[in-house]
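Data first, discussion second: the structure below is written as structure tokens.
The sequence lines fix the lettering, A, B, ..., with proteins before strands; numbering per chain opens at 1.
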There are 2 protein chains.
Amino acid sequence: MGKRHISLKDLAQELGVSISTVSRALKNHPDISPEMTKKIKALAEERNYTPNPLAMGLLRQQTKMIGVIVPDINTHFYSSIISGIEKVAKEHGYFIVITSSNESLEKEIESVENLIKSRVEGFIVCLSQETNSYTHFEKLIKNEIPLVFFDRVSEELDVPAVLADGQDATKKIIQHFYNNGCKRIAYISGPEHLNISENRKIGYLNGLNECGLPYDKKLLVHCNLSIEDAKQATRKLLRLKNKPDAIFGMNDTIAFAAMIEVKKQGYKIPDDISLAGFTDEFHSIVVDPPLTSVSHPTFKMGEEAANLFFESIEKGTANNKKIMLPIDLVVRESSVKKN
Amino acid sequence: MGKRHISLKDLAQELGVSISTVSRALKNHPDISPEMTKKIKALAEERNYTPNPLAMGLLRQQTKMIGVIVPDINTHFYSSIISGIEKVAKEHGYFIVITSSNESLEKEIESVENLIKSRVEGFIVCLSQETNSYTHFEKLIKNEIPLVFFDRVSEELDVPAVLADGQDATKKIIQHFYNNGCKRIAYISGPEHLNISENRKIGYLNGLNECGLPYDKKLLVHCNLSIEDAKQATRKLLRLKNKPDAIFGMNDTIAFAAMIEVKKQGYKIPDDISLAGFTDEFHSIVVDPPLTSVSHPTFKMGEEAANLFFESIEKGTANNKKIMLPIDLVVRESSVKKN
DNA sequence: TTTTTCTCCGCAAAGCTTTGCGAAAACCTT
DNA sequence: AAGGTTTTCGCAAAGCTTTGCGGAGAAAAA
């Protein structure tokens, strides 16, 4: 059950003074005499008094909670971002309530409603894969509830957001492939309505263009973000009469699925087919061959998202600032052909 | 800023009735006439009223929050367990506040204190690697604050806990190695004071014994759970004049670190050295060769931990039940020698 | 008509904290 | 000694909900 926490009332009774006196003493109010203050503080210390956050919340109308909605909590990508959010939240005396939409619009809407009921003071969210309707977020904006997006954003909503420069990173990868002798570079993308898919597509096309490579639309395939669908997409590429000599996968799951499938069909990486993905260091190193990838600044992304959140909570409805994080290319064996 | 939420008072004023009437109507109290009830409910619906959890919490002396402390939030292992906890917490109308100890005792203690200040109703925790002192938990027990452990537990504390049968799983792995012709099986363990390290050590010794293999203490090495230290431990094994022909790594990080190091030194897996680890499916499949491992029932573990928590919150101080989850061996290429 | 019995609703307290304002006591000033 | 200041503290309200108890009015019984 847990014994009741000690309250100001308890202290006041024990000392035979009023609650207000105790409250003031604890915050060094000049109205209270030094001796009284000292006595009260000593008892508070001894009894291990800490103010009741519910009472404070009720009074100040704030819960010090941030609702965080991610598509999936079980990946390093999101858990690392969450760590970043949590760090700066803690610095501000806030804590975060995490929910997962499981890439489902329905669960995302449900999460927003539940968190509102819990009286979170605002939201930090990464859109689900399915999300193509935004009324649940528009409602938040109308009610001036702070909202910031990260990674996946909506073009339709003007909301503070932190993004990674996937367009530039993708271009770098294409150029890197080209410099290593690749001519037919494939791109396995995610759902088309996702901003990150489209950004990287632009980077892909720009990269091809700058390298003087033609755009073959057969080399651009889409998949939802499951490992099975990604393998399917890879097989589609490998069935082409005119096969790709390089594949770029839009995220962790896709890159690894592609790697598995390519190896399974007997192609050598990187000599037959070069490979690159969007992922973090640990996974890239563990696979064989080590995967060339871009280093997504996940922790930093979480920090920046939280910073944006506190800006908007402090300055009221903020200028819907967008932050673009640079992404670096990290070349490993999977894309450096030996012959 | 966020507009103020609607309260019973608002509804009462608008309807010209008392707050108590509104409150009762909303919960179908027989004292309120049907027409009045209907009118009130209609307005509540229209104004989108939801009860204020802070006020409720203050009244009932409960926050509906569970403090969860994990050594590390950035791994699939823990995030999957957290998902399990979160699922059953949500079913009970609770939400969870997650903090990471970063494998540090100091941060673990700090987390306990902060969560207590936040008035969580209890704790679900996995001990940090460093934890060898338990006063911060004894304090909880003394105050009858619900506490349940998972995976890593303390022998000194009698607390409800959910464990995985690492002893049995390790024995199975040793037997599997033996059946595949391995004679010198090494075990890279974690810190000695961790119950999971010791359990698996027992399984290791039992396994050797049952297979009629001698125990060579040089084949049992320890490391802390960092990737660098695990590589170091692997190198130590590979430097032996009488090298191992199989290596079992106690967790994800260790197994992968060993794999990297073994390959780096030019040994073939599994033909020169077989490998097996404790990890989850996704990672095991992605590496090359696919890693033989035991399937840690992470999600289930989280669910069971939360169940234990609610048992102890409902029945007061519960019978400190322990739940042992079975672990299955999943054989993949890394341990099946071809010659 | 008077008394009894329901029906339907409001008062107030409790849970905890902060803070404006009022008040008692002590001190100082002429 | 009398009026003025200062020091030191308490009352009460607000923030929101639940719930025991009491009360007003109406309907039913006598």
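- At the heavy-atom level, A:S7 lies under 4.0 Å from the strands shown only through sugar-phosphate atoms.
- Distance CZ/B:F137 to CD1/B:I145: 12.0 Å, rounded to 0.5 Å.
- No hydrogens or angles were tested; on distance alone, nothing pairs the side chain of B:S18 with the base of C:dC11 as donor and acceptor under 3.5 Å.
- A residue-by-residue look at B:V22 and B:R119 shows that B:V22 has its nearest nucleotide of DNA chain C further toward the 5' end.
- Residue B:L58 is the one, among B:L58 and B:S23, whose nearest nucleotide of DNA chain D lies closer to the 5' end (criterion: closest heavy atom).
- Counting heavy atoms of neighbouring residues, nucleotides and ligands inside a 6.0 Å radius, atom CD of A:Q61 exceeds 12 of them.
- Across residues 27-44 of chain B, B:K27 each have a non-hydrogen atom less than 4.0 Å from an atom of DNA chain D (numbered order).
- The environment of NZ in A:K322 is crowded: more than 12 heavy-atom neighbours from other residues, nucleotides or ligands sit within 6.0 Å.
- Judged purely by distance below 3.5 Å, without hydrogens or angles, the side chains of A:S111 and A:N114 never pair a donor atom with an acceptor atom.
- Taking CD1 of A:I40 as the start and CZ of A:R24 as the end, the distance is 11.0 Å to the nearest 0.5 Å.
- Of all nucleotides in DNA chain D, those with any atom nearer than 4.0 Å to a heavy atom of chain A start and finish, going 5' to 3', at D:dT8 to D:dC16.
- Here B:F299 contributes atom CZ and B:E86 contributes atom CD; the two are 9.0 Å apart, rounded to the nearest 0.5 Å.
- Annotation for A:K139: atom NZ does not count as buried by contact number, only 12 or fewer foreign heavy atoms lying within 6.0 Å.
- Summary of the strand contacts: B:A55 and B:G16 both lie near DNA chain C, and taking for each the nucleotide with the nearest heavy atom, the more 5' one is attributed to B:G16.
- Residue B:T131 forms a side-chain contact (heavy atoms from CB on, under 4.5 Å) with just one option from B:R152, B:H193, B:E108, and that option is B:E108.
- Looking at heavy-atom distances under 4.0 Å, B:R24 makes contact with a base.
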